[in-house]
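To start, the structure itself, in structure tokens.
Values below: every heavy atom of this structure, side chains too, minus hydrogens, waters and symmetry copies. Just so it is clear: chains get the letters A, B, ... in the order the sequence lines come, proteins before strands, and each one is counted from 1. Here the structure is a predicted model, which is why all the values come from computation and not from measurement.
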Protein chains: 2
Amino acid sequence: MRASEKAYTTLRGDIVDWRLPPGTVLAEVELSARLGVSRTPVREALARLTAEGLAEPQSGRGTVVSGISLDHVDELFELRSALECRAAELAARNRDPAVFLELHRQLGNAGRLITEQDPARRDYYRLAGELDTAIDDAAGNHYLAQALKSLRVHLVRVRRLSKDNPARLREAAREHADIAFAIANGNAAVASAATTVHLDNSLRHLLQGGAAPS
Amino acid sequence: MRASEKAYTTLRGDIVDWRLPPGTVLAEVELSARLGVSRTPVREALARLTAEGLAEPQSGRGTVVSGISLDHVDELFELRSALECRAAELAARNRDPAVFLELHRQLGNAGRLITEQDPARRDYYRLAGELDTAIDDAAGNHYLAQALKSLRVHLVRVRRLSKDNPARLREAAREHADIAFAIANGNAAVASAATTVHLDNSLRHLLQGGAAPS
DNA sequence: GCAAGCACTTTTGTATACACAACTGGCCGA
DNA sequence: TCGGCCAGTTGTGTATACAAAAGTGCTTGC
């Protein structure tokens, strides 16, 4: 793996997982020492992180981890809503019904994935990720998929910020199942509406504290 | 001005204005010689351009100017529609009516800006840009504004691809005026609908050849 | 005692040298 | 004659040295 890739991956993970909290100063020499590479690949990694919005240039000099607080999560969800509703509509038009019926079925049973044995909810989030991927693929729009991809980085960061709540997670799974079903049926309006409802519920639980965002 | 900034600005302009057509190889040594800076700032500029989607890494080695063709303009406009409709809705809720009434007035008179004396339509595009900025400001959503900003780079590139058409430009100005009016009235649904109509007309004229995209 | 200026330190910006990988050309063998 | 291999060349990836700029703290003068 290239040194710049390694630096980027490591830093990105550290920021997303809140090991580097917002405001942390990202000094090139210190990072190059810590990561065991020279400043050049570190600079490249910082440039990529800045472009993604995970870091931002400090006034005048230096780079810091960008802030993300519940104050601005509503803005993030507004963008998310715009993108995901449109993606759901497009997917409903172009979908392969079998794919989404299968996802609908799996999501209907997703409650049993949320157990105490898997505190990170890996299985659940994997399934939710599969729905996202299926929607992106069915929508068939490169630019939209790209915009969603860069958005999801920030969403993961928010998710880590909140405690997850098994009851809310089970509700969310049902909402996801509704979305998959509407897409399977080719009903764009319902798919969009179901997405709106899901995101509104997610945001509300998130802001009330302790709920999982998706 | 910093050398990396200069390299970035120059290359970005060259790509947007089609002086560097899609597929052009961006070789670091050649660029550093041409721009009169060393490879380091050139690399930084290429990284930024790649992050924006104006350039993309070639298979294995090197960087090339990314392609954009009419084949994919419909996808670009789908994303644009999702973002701008939402922005218009948000702006309609939070707007200062006076700002948008003034824009409505100016856009109503924009026909006279489209003269043979200004073949680049600088005054017209400046006014259209002011509407965009006013909507972004009124929407008050950092993430949405950021997504729109990165989208507009590609739109400018498409615009340069097409000949502009004075008649279509005058129509577009009227459509913009409609959008401004709906926002001034605080009517989110109409603002969104007017945006949809405008973008649909723009895209159709663009694909029919010879029309201006905004 | 406070403020202003200067020097020092720290950090980023730029240049360049070196390492390595991939493509290209020619040459040799089958 | 064609195909494969090897060497040379070219270009990117990384490291590091040097330059410049900005912040900080001290000193000095008022």
Legend entry - Range on DNA chain C touched by chain A, heavy atoms, distance below 4.0 Å: C:dT10 to C:dT14
Could you pull out every donor-acceptor pair under 3.5 Å between side chains of residues 70-78 of chain B and any protein atom, sequence neighbours left out?
unit_1 : atom_1 : unit_2 : atom_2 : d
B:E75  : OE1    : A:H142 : N      : 2.8
B:E78  : OE2    : A:R86  : NH1    : 3.0

Inset, instruction - Tell me yes or no: between the side chains of A:Y125 and A:E130, is some donor less than 3.5 Å from an acceptor? - result: no
Legend entry - A:R168/A:E175 salt bridge by N-O under 4.0 Å criterion: yes
Inset, instruction - Before accepting this row, confirm whether a basic side-chain N of the pair B:R126/B:D118 lies closer than 4.0 Å to the acidic partner's carboxylate O. - result: no
Legend entry - Which residues share a side chain to side chain donor-acceptor pair (under 3.5 Å) with B:S192, sequence neighbours left out: B:E89
Inset, instruction - Spell out protein contact along nucleotides 9-14 of chain D as letters: B when the base is contacted, S when just the sugar-phosphate is, - when no protein heavy atom is under 4.0 Å; keep the 5' to 3' order. - result: -BBBBB
Legend entry - Set of residues satisfying salt bridge (Lys or Arg N to Asp or Glu O under 4.0 Å) with respect to B:R95, sequence neighbours excluded: none
Legend entry - Non-neighbouring partners of B:E5 that pass salt bridge (Lys or Arg N to Asp or Glu O under 4.0 Å), sequence neighbours left out: B:R2, B:R48
